[in-house]
Chemist: 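Sharing a structure with you now.
Remember, it's 1-based here, ligands and their atoms both numbered in the order they're listed. Quick note: residue numbers are just sequence positions, from 1.
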Amino acid sequence: MSKVYVFDHPLIQHKLTYIRDKNTGTKEFRELVDEVATLMAFEITRDMPLVEIDTETPIQTAKTKVLAGKKLAIVPILRAGLGMVEGVLKLIPAAKVGHVGLYRDPETLKPIEYYVKLPADVEERDFILVDPMLATGGSAVEAINSLKKRGAKHIKFMCLIAAPEGVEAIQEAHPDVDIYIAALDEKLNDHGYIIPGLGDAGDRLFGTK
Ligand code: PRP
Ligand code: URA
């Protein structure tokens, strides 16, 4: 069963409060999402493998550690996931970036896929799938299906706010995919929006309606 990690670091929680605030405008919203994505990337990369090397310090040779060079890919679910990409890349700048384009049909709430582009060597990479919102879970489950169909074997899902319904949907469909979130909210409303949530993440990021 997928594990759920809630990143309760004070900086993440503080910034998330202002992301939720309806009075936060587009520019500040975008900056905060970017900052929280960086902080979450720091936590999510805790298990990255290291190798030992010899390093000449000015004093003597030391046994030191560097990243083992595991190949990574960040995949935003378009469009709101785009808001988290640069923040993650600040810490892992060599990661490749794929894209999965999905939107929720406003009537059925079912995800509709319109674009997929991934790095060539999918089987060899660890994937971090990013999207600010996990609501019904339809989009995340479909995006993970899409990655797996193309050969992805190791996938982590990272989002800002999750509803219990979305967490359950991933756990049921993809028990091998762990979920990394900044907050687990109460539930969904009748329109599939997370309560209390932050509203429509894509619209708030890009200033659309
Ligand atoms: C939002 C959000 C997720 C999805 C979550 O995207 O960014 O992708 O809804 O909902 P779900 O868990 O019920 O599938 P939206 O479909 O509004 O598209 P957008 O990013 O283009 O605004
Ligand atoms: N998508 C959003 O952007 N917000 C929600 O609350 C649910 C889905």
Chemist: Counting N and O atoms only, with roles assigned by atom type, does the side chain of T45 sit under 3.5 Å from a partner on the main chain of M48, one being a donor and the other an acceptor?
Modeler: no
Chemist: Under 3.5 Å, is there a donor-acceptor pair linking the side chains of S146 and R150?
Modeler: yes
Chemist: Regarding H174 and N145, do their side chains bring together a donor and an acceptor under 3.5 Å, going by distance alone?
Modeler: yes
Chemist: Is the count of non-hydrogen atoms from other residues, nucleotides or ligands lying under 6.0 Å from E172 atom CD greater than 12?
Modeler: no
Chemist: Can you check atom 1 (C) of ligand 1: any protein non-hydrogen atom closer than 4.0 Å?
Modeler: no
Chemist: Distances only, to 0.1 Å: what are the N or O pairs between ligand 2 and the protein that fall under 3.5 Å?
Modeler:
unit_1: ligand 2; atom_1: 3 (O); unit_2: A201; atom_2: N; d: 2.8
unit_1: ligand 2; atom_1: 4 (N); unit_2: G199; atom_2: O; d: 2.8
unit_1: ligand 2; atom_1: 6 (O); unit_2: I194; atom_2: N; d: 2.8

Chemist: Under 4.0 Å from any heavy atom of R79, which atoms of ligand 1 are there?
Modeler: 19 (P), 20 (O), 21 (O), 22 (O)
Chemist: Just checking, is any N or O donor in the side chain of T208 or R79 under 3.5 Å from an acceptor N or O on the other one?
Modeler: yes
Chemist: Mark up the atoms of ligand 1 that fall under 4.0 Å of a heavy atom belonging to Y103, in ascending order.
Modeler: 16 (O)
Chemist: Considering distance alone, does some N or O of D203 sit under 3.5 Å from an N or O of ligand 1?
Modeler: no
Chemist: Which residue pairs pass the ring pair (Phe, Tyr, Trp, His ring centres under 6.0 Å) test with at least one member in residues 17-63, sequence neighbours excluded?
Modeler: H14-Y18
Chemist: Atom NZ of residue position K187 - does it have more than 12 heavy atoms of other residues, nucleotides or ligands inside 6.0 Å?
Modeler: no
Chemist: If the cut-off is 4.0 Å to any non-hydrogen atom of G137, which atoms of ligand 1 fall inside it?
Modeler: 11 (P), 12 (O), 13 (O)
Chemist: For A135 and ligand 1, does the shortest N/O to N/O distance drop below 3.5 Å?
Modeler: yes
Chemist: Please verify whether a non-hydrogen atom of D131 lies at under 4.0 Å from ligand 1.
Modeler: yes
Chemist: Can you find an N/O atom of Y114 closer than 3.5 Å to an N/O atom of ligand 1?
Modeler: no
Chemist: Going by atom types alone, do T61 and E56 pair a side-chain donor with an acceptor below 3.5 Å?
Modeler: yes
Chemist: For the side chain of R20 and the backbone of P196, is there at least one donor-acceptor N/O pair under 3.5 Å apart?
Modeler: no
Chemist: Going by distance only, is there an N or O of A80 that falls short of 3.5 Å from an N or O of ligand 1?
Modeler: yes
Chemist: I'd like to know if atom 14 (O) of ligand 1 has any protein heavy atom within a distance of less than 4.0 Å.
Modeler: yes
Chemist: Think R104 forms a cation-pi with Y193, using NZ or CZ under 6.0 Å from the six-ring centre and within 45 degrees of its axis?
Modeler: yes
